[in-house]
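Bear in mind that the values here come from a model prediction, so they are computed numbers and not experimental data.
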Amino acid sequence: MNLPGIETLVKAPFAEGDVFIAGRWCAAEDGRTFPVHDPATAELIREVSAAGPGDAMAAVDAARAAAAGWRSTPPRRRSEILHTAFALMRENTETLARLIVLENGKAYRDAVAEVGYAAEFFRWFAEEAVRIGSAFGDAPGGGFRHVVRRHPVGVTAFVAPWNFPAAMATRKIAPALAAGCPVLLKPAPDTPLTALAIAALLSEAGLPDGLLNVLPTDRAPEVVSAWLRDERVRKFSFTGSTATGRKLLEQAAANVVNVTMELGGNAPFIVCEDADVDAAVRGAMDAKMRGGGEVCIAANRFYVHRSVAAEFTEKFAAAMTAVRAGAGLEEGVTLGPMVNRTAVESIRSLVDDAIERGAKVAARGEVPEGPGHYHPATVLVDVPEDARIMNEEVFGPVAPLATFADEDELVARANDTVHGLASYIYSRDVGRALRIAERLEAGMVGLNRGLLSDPAAPFGGVKQSGLGREGGREGIEAFLETQYIALDWPTD
């Protein structure tokens with residue numbers, strides 16, 4: 001299958017509407033719509049159907065009706081469908097990447113990389129689907145046997161963010177389907193079109209009706225609350241801010257819903273005195289500027305040893321100044337617009353606060369004039385620890401630098417946050433790097449590399465950065481329940 005061209009997808013990708021329930025495209029029950037805008041121009045892309053509580057319940061009905069058949073579908077068949085979805089995503093890379101650029105704003109090269117990353121979740125979990133097993137053994141005390149089974153948790157509900165509209169959807173959808181669970185997905189209102197395109201691809205891949213239901217909406221509290229109040233929904237996964245995650249956890253607790261959450265981050269990027277500075281600069285550009293910095297694991301605080309601070313700052317500032325900002329589809333652009341005006345204002349507020357507290361601007365790139373939600377690539381130095389940008393997730397192309405001299409002091413400063421998602425360390429001494437890594441309160445650590453994510457590895461954080469893991473073997477286990485059977489039979 002080839003998706004329609006980008007123009008067709010944007011104008012009216014689906015026949016009846018944009019809500020996808022039980023294998024059918026339909027309008028929202030009450031006919032409401034919401035606007036989706038191009039971050040590069042601030043212009044309207046088009047109106048999209050806005051699902052409401054009635055649509056949410058219809059989606060649960062569809063998922064529940066499809067659950068038994070999918071649960072009994074052989075794992076090999078589930079695997080084949082996911083492998084086909086992987087192939088279809090790869091075939092449609094250009095169209096999907098252009099769609100991501102249009103509604104998210106990121107540079108085309110980042111969007112292409114995202115499509116490849118997103119597709120890999122289908123391939124990884126296609127292979128994991130056939131490895132779900134049971135165990136049989138004798139009770140140590142004798143007399144009976146143990147049978148331990150794994151089975152699907154049931155209907156799953158997902159809330160995906162706008163910063164990776166393809167990858168954050170497939171990272172949730174793929175393991176759920178592989179485990180035998182039907183899916184309810186609410187994409188972010190800034191970026192619903194990519195999720196709808198993925199639904200179309202999965203349908204073409206042979207996924208039976210009702211197993212993936214996609215509800216775009218700008219009234220998330222109504223839709224998500226309806227799901228969490230429904231006792232048929234047994235798994236909930238959310239990627240987003242820590243503040244929103246706390247509220248959703250309270251709602252999920254009412255029905256004791258199984259929860260996975262990937263929340264905010266405040267990642268330290270540490271450059272030791274023996275680091276390869278050129279490699280550290282390259283890693284810093286990866287960790288800070290991937291997706292324009294609108295990434296939960298983006299480097300948020302830079303701690304550079306005093307002995308290499310001048311060299312690192314000079315080279316990093318030069319690299320940031322060289323970043324070319326513009327519309328994501330323009331040739332040579334490496335930094336697209338931020339997703340919306342609110343994002344730009346939030347970044348500016350953090351930069352202004354840091355400067356007021358004594359930070360200095362070491363580098364500031366250029367951005368296009370005219371409409372669009374742009375913020376320049378920026379490096380701040382001499383940033384005090386009490387600056388908001390050292391304590392809040394900046395979610396944009398701004399790098400605040402501070403120096404350190406003592407390892408114990410460094411670790412204390414790096415851990416002085418409620419978050420614990422990712423961390424980065426550059427050092428030629430692997431022993432030192434591992435020693436620091438083991439002391440950091442973070443779910444993931446990059447040693448001498450600025451890119452962390454891999455579908456084959458468990459992704460997630462500690463403290464207020466989340467609960468559970470996505471990706472890796474752990475990713476499918478989140479959608480499985482364990483059942484123990486004590487087995488005995490007559491011997492005569």
Side-chain angles (χ1 to χ4, degrees), residues 1-3 6 9 13 20 79 81-129 156 158-178 183 185-188 190-205 207 212 214 216 237-240 260 262 286 290-292 294-298 328 336 339 451-460 469-472 475-476 478-479:
M1 171 195 179
N2 287 318
L3 286 172
I6 189 74
L9 279 166
F20 187 64
S79 174
I81 291 172
L82 292 175
H83 270 301
T84 302
F86 163 75
L88 289 172
M89 281 199 75
R90 294 293 295 268
E91 290 173 16
N92 289 276
T93 293
E94 181 179 359
T95 297
L96 288 168
R98 289 171 64 84
L99 190 59
I100 290 169
V101 172
L102 186 69
E103 62 177 354
N104 168 275
K106 66 177 60 176
Y108 180 70
R109 70 171 191 176
D110 283 345
V112 169
E114 180 184 345
V115 175
Y117 175 51
E120 284 295 333
F121 285 105
F122 285 136
R123 178 157 65 172
W124 172 259
F125 286 109
E127 295 163 352
E128 288 297 299
T156 62
F158 301 147
V159 175
W162 50 262
N163 59 335
F164 284 88
M168 297 303 96
T170 61
R171 191 162 77 183
K172 298 177 188 298
I173 293 168
L177 293 178
V183 171
L185 173 67
K186 190 209 76 66
D190 289 298
T191 57
L193 300 177
T194 303
L196 299 179
I198 290 171
L201 287 176
L202 273 165
S203 182
E204 180 66 20
L207 186 70
L212 174 61
V214 181
S237 178
F238 169 75
T239 299
T260 297
E262 192 259 286
D286 286 336
R290 176 187 177 213
E294 295 177 310
V295 181
C296 55
I297 59 173
V339 69
L451 297 176
L452 278 175
S453 302
D454 189 319
F459 187 105
R469 295 295 183 269
E470 296 180 314
I476 198 168
F479 297 95

Which atom of [X] lies closest to which atom of [Y], heavy atoms considered:
X      : Y      : value
Ala126 : Ser79  : O-OG, 2.7 Å
Ala178 : Ile476 : CB-CD1, 3.8 Å
Ala85  : Ala205 : N-CB, 3.8 Å
Pro187 : Ala195 : CB-CB, 3.7 Å
Thr156 : Ala176 : OG1-CB, 4.1 Å
Ala169 : Leu185 : CB-CD2, 4.2 Å

Tell me if a side-chain donor or acceptor on Asn163 pairs with a main-chain N or O of Glu294 at a distance below 3.5 Å.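 Yes, Asn163 side chain to Glu294 backbone: donor-acceptor pair under 3.5 Å.
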Please check this pair: side chain of Glu114 against backbone of Ala166, looking for a donor-acceptor N/O pair closer than 3.5 Å.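 Yes, the answer is positive, given that a donor and an acceptor are paired below the 3.5 Å cut-off.
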Between atom [atom1] of [X] and atom [atom2] of [Y], what is the distance when rounded to the nearest 0.5 Å?
X      : Y      : atom1 : atom2 : result
Asp454 : Phe459 : CG    : CZ    : 11.5 Å
Glu262 : Ile297 : CD    : CD1   : 8.0 Å
Asn104 : Leu193 : CG    : CG    : 11.5 Å
Leu196 : Leu201 : CG    : CG    : 11.5 Å
Lys106 : Phe164 : NZ    : CZ    : 4.0 Å
Ser453 : Arg290 : OG    : CZ    : 4.5 Å

Partner residues of Arg123 under the salt bridge (charged side-chain N to carboxylate O under 4.0 Å, His left out) criterion, sequence neighbours left out: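 Testing Arg123 for salt bridge (charged side-chain N to carboxylate O under 4.0 Å, His left out), a comparison that skips the adjacent residues, returns Glu120.
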Does the side chain of Glu103 reach to within under 4.5 Å of the side chain of Trp162, using non-hydrogen atoms?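 The answer is no; the side chains never approach within 4.5 Å.
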Would a 4.5 Å heavy-atom cut-off, applied to side chains only, mark Leu177 and Leu207 as touching?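 Contact flag for Leu177/Leu207 side chains = yes.
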Testing Phe125, Trp124, Phe122 for side-chain contact (heavy atoms from CB on, under 4.5 Å) with Pro455, which one passes?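 Answer to the side-chain contact (heavy atoms from CB on, under 4.5 Å) test with Pro455 among Phe125, Trp124, Phe122: Trp124.
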Applying the side-chain contact (heavy atoms from CB on, under 4.5 Å) criterion to Leu202, which one of Ile173, Thr170, Val214 satisfies it?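 For Leu202, the side-chain contact (heavy atoms from CB on, under 4.5 Å) check succeeds only for Ile173.
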Under the side chain to side chain contact (heavy atoms under 4.5 Å, CB included) rule, what do Val112 and Thr93 come out as? Steps first, then yes or no, please. CA-CA 7 Å; Val112 169; Thr93 293; 4.1 Å; yes
Check whether the side chains of Glu470 and Thr260 place a donor and an acceptor atom closer than 3.5 Å, and report yes or no.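 Absent: no donor and acceptor within the cut-off.
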Decide yes or no on side chain to side chain contact (heavy atoms under 4.5 Å, CB included) for Met168 and Phe158, but give the supporting numbers first. CA-CA 10 Å; Met168 297 303 96; Phe158 301 147; over 6 Å; no
So is Lys172 actually on top of Phe121's ring, under 6.0 Å and inside 45° of the axis?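 Relative to the ring axis of Phe121, which defines the angle, Lys172 lies outside at least one limit.
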